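All figures in this text were calculated on a predicted structure; none of them were measured in a lab. When reading the values below, keep in mind they use all heavy atoms of this one structure, side chains included, and skip hydrogens, waters and symmetry mates.
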Amino acid sequence: MPAYDKFYSRLAVGIKASDIRELLAIIKHRKDVISFAGGIPDPKLFPKSELADIAREVILKYGDDALQYSETKGLIELREILSDFMRRTKGIQTDAEDLIITTGSQQALDIVARGMIDPGDVVVTENPSYLAAIGAFKIAGARLVGVEMDEHGMDTHKLEEKLRSLKNSGERVKFIYTIPVGHNPAGTSLTLDRKKHIIELAEEYDVMVVEDDPYSYIIYEDGADTTPLKAIDKYGRVIYLSTVSKVLAPGLRIGWIAALDDLTRKFELVKQYLDLHSPTLTQFIVAEAVKKGLIDRMVKVATPYYKSKRDAMLSAMEDYLPDYVDYTKPIGGLFIFVKVNKEGFNTTKLLEVAITKYKIAYVPGASFFVDGTGHNTMRINFSYPTFDEIYEGVRRLSALIKNE
C-alpha cells in the first residue's frame, strides 16, 4: 500500500478529532457505561409518528420538487416560514432573502468561518465555548481569544478590555462568537444589559457578532431573558445561527443563517461549493412541521421534561458530589458544567479510567477552553440518560472524583 501520509494536506495533518464524536463512537456498544457525553436529545421525545405522516404527505404532494435539487439558499417556502417563525417566537425581523438553510448548525459555523476568517485573524469567544465552533474557527486559521464568564455569561467588561488590547496591538478581530442563551457548555444566559453592551462594543470596535442560538427554545426558569442579540441589533452587526436539532430531531440536519445583504450572498457562494444545497426532502418536512405547529408543541413538551431531568441531576449532585466540586445550575440548554477543585485532578487523563473502571462517560472540559486551561472540568449532559441512569451515573462520577 502507498504511504498515504505524504499526500495529506496541512489541514488534514493538523486536524484533531472531536472529543465528543470519538467518545460516542467508543461507548456506543458499551451497554454497561452510563453516558453523560454528547448533546443528544432524548429519543423518547422524537415525534416519530407525526414526522412519518408529514414525510409521506410531502412525498405524495410535493414529490417532484421534494426529491429534486433545490437552490443553494434553501427552499423559499421554508425560508419564508422560518422568517415568520423567528419574528413570532424571537422578535427577529429578517426577510426570507436574508436566510440561508444549512445542513445543521455545524455547517452554518463552517460557512461563517470560511466566509470571514483568514489565517491569523482573531475570533473572540466565551471561555469556555462550544468545542465544535472552536474547531471550525481553528481549521479556518483563526487565533482564538477567550473572555471569562460568570453566572450571567460572558463578562462584557472583560470583553471590552480584550477588544481594546487587541486593537492597540494591531490585531485584526473579525467577530465575537457567543451563545447568549442556554450556553454550551456552561448553561448560563446573558442579561439584557450585557447583550446590549456586546452590540455597542461590536459597533465601537468595528467587529461582527456571531450569535449561536440552538438552545433558547428550552428555558427552565421564569424571568430568564431570552432576547436574541439579533432582535436588538440596530447596526447590522449580528449574524444569527439556529437549528431544529434540539426541538424536533437532529437527524433532519436543518439549520440556518440570518445575515444581511452582501454578507448573505457571500455565505451562499461558500455553501455552493460545500454541498450545493441542504437536503430538499428534509427542508420540506421541516417547513410542514413548522406550519402545522409541531415545533411549538415539541417545545411545550420538551421544556418541562428536560427541566425534570436537570432537577434530578442537580439533586443527585447535591447528594453525592463532595464539597470541593463546583457545578453550574443551568437555566436553559442540556448541560451542567462541573469543576473539581482537587489538586492534580485531570478529566482528560482520567477519562479512560472513568469508562473502564467506573463505567461512566463525560466530555473533558479542556476541549471547551481556548487558552489551555480547564483540565479539572467536565461537561455533563442530562437530556439523554434516564432518570435512574442520572442518579446512578452521578454516584459513579462521585466515586471517580473521590478515589482518583
Side-chain angles (χ1 to χ4, degrees), residues 39-108 181-182 212-219 226 228 230 240-258 271 275 277-307 332-334 383-384:
I40 305 175
D42 191 331
K44 290 180 180 178
L45 295 186
F46 292 160
K48 293 186 282 290
S49 61
E50 292 92 336
L51 288 175
D53 290 341
I54 289 172
R56 177 176 174 79
E57 178 184 346
V58 161
I59 291 175
L60 293 177
K61 188 175 181 179
Y62 306 109
D64 288 351
D65 294 324
L67 300 176
Q68 186 57 275
Y69 291 110
S70 63
E71 64 175 300
T72 298
K73 287 174 73 171
L75 295 173
I76 185 60
E77 296 94 330
L78 177 57
R79 288 187 281 122
E80 288 175 343
I81 287 168
L82 288 176
S83 176
D84 178 71
F85 177 73
M86 287 192 293
R87 178 194 55 75
R88 175 170 55 84
T89 62
K90 303 295 180 186
I92 296 174
Q93 306 293 332
T94 298
D95 189 89
E97 290 304 316
D98 290 326
L99 290 180
I100 297 176
I101 307 303
T102 61
T103 308
S105 59
Q106 187 61 36
Q107 188 188 58
V181 181
D212 198 356
D213 185 30
Y215 299 108
S216 67
Y217 308 96
I218 307 171
I219 298 298
T226 60
K230 184 72 172 174
Y240 178 85
L241 317 180
S242 194
T243 177
V244 300
S245 290
K246 308 305 181 186
V247 293
L248 196 55
L252 293 169
R253 307 309 300 135
I254 294 295
W256 61 92
I257 303 172
K271 181 174 169 60
D275 65 352
H277 62 83
S278 296
T280 314
L281 177 59
T282 53
Q283 288 188 65
F284 268 102
I285 291 171
V286 171
E288 289 298 311
V290 179
K291 279 198 297 185
K292 294 177 183 296
L294 181 58
I295 287 184
D296 294 313
R297 295 195 295 275
M298 288 306 302
V299 169
K300 291 180 180 179
V301 171
T303 300
Y305 181 69
Y306 287 142
K307 182 179 187 297
L334 308 178
S383 61
Y384 182 73

Engineer: What do the steps show when you test Ser83 against Thr94 for side chain to side chain donor-acceptor pair (under 3.5 Å), and what is the final call?
Structural biologist: CA-CA 6 Å; Ser83 176; Thr94 298; over 6 Å; no

Engineer: Are the side chain of Ser242 and the backbone of Asp213 linked by a donor-acceptor contact shorter than 3.5 Å?
Structural biologist: yes

Engineer: Does His277 use its side chain to pair, donor to acceptor, with the backbone of Gly74 at less than 3.5 Å?
Structural biologist: no

Engineer: Any ion pair linking Lys292 and Glu57 (charged N to carboxylate O, less than 4.0 Å)?
Structural biologist: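 Yes, charged N to carboxylate O under 4.0 Å.
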
Engineer: Under a 4.0 Å N-O cut-off, is there an ion pair linking Arg297 with Glu50?
Structural biologist: no

Engineer: What distance separates Leu78 CG from Ile101 CD1, expressed to the nearest 0.5 Å?
Structural biologist: 4.0 Å

Engineer: Which of parallel (below 30°), tilted (30 to 60°) and perpendicular (above 60°) describes Tyr62 and Phe284?
Structural biologist: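 Judged by the thresholds at 30° and 60°, the geometry between Tyr62 and Phe284 is parallel.
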
Engineer: Test side chain to side chain donor-acceptor pair (under 3.5 Å) on Ser383 and Asp42; report intermediate values, then the result.
Structural biologist: CA-CA 6 Å; Ser383 61; Asp42 191 331; over 6 Å; no

Engineer: Rounded to the nearest 0.5 Å, how far apart are CZ of Arg88 and CD1 of Ile81?
Structural biologist: 10.5 Å

Engineer: Looking only at atom types and distance, does a side-chain atom of Lys271 sit under 3.5 Å from a main-chain N or O of Ile100, one as donor and one as acceptor?
Structural biologist: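 Answer holds: no.
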
Engineer: Do the ring planes of Phe85 and Trp256 sit parallel (below 30°), tilted (30 to 60°) or perpendicular (above 60°)?
Structural biologist: perpendicular

Engineer: State whether Glu71 and Arg79 are salt-bridged, where the test is any N-O pair (Lys NZ or Arg NE/NH1/NH2 against Asp/Glu carboxylate O) under 4.0 Å.
Structural biologist: yes

Engineer: Salt bridge between Arg87 and Asp84, side-chain N to carboxylate O under 4.0 Å?
Structural biologist: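 Answer for the salt bridge query: yes.
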
Engineer: Any Lys/Arg nitrogen of Asp296 or Lys300 sitting under 4.0 Å from an Asp/Glu carboxylate oxygen of the other?
Structural biologist: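 So Asp296 does not pair with Lys300 through a salt bridge.
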
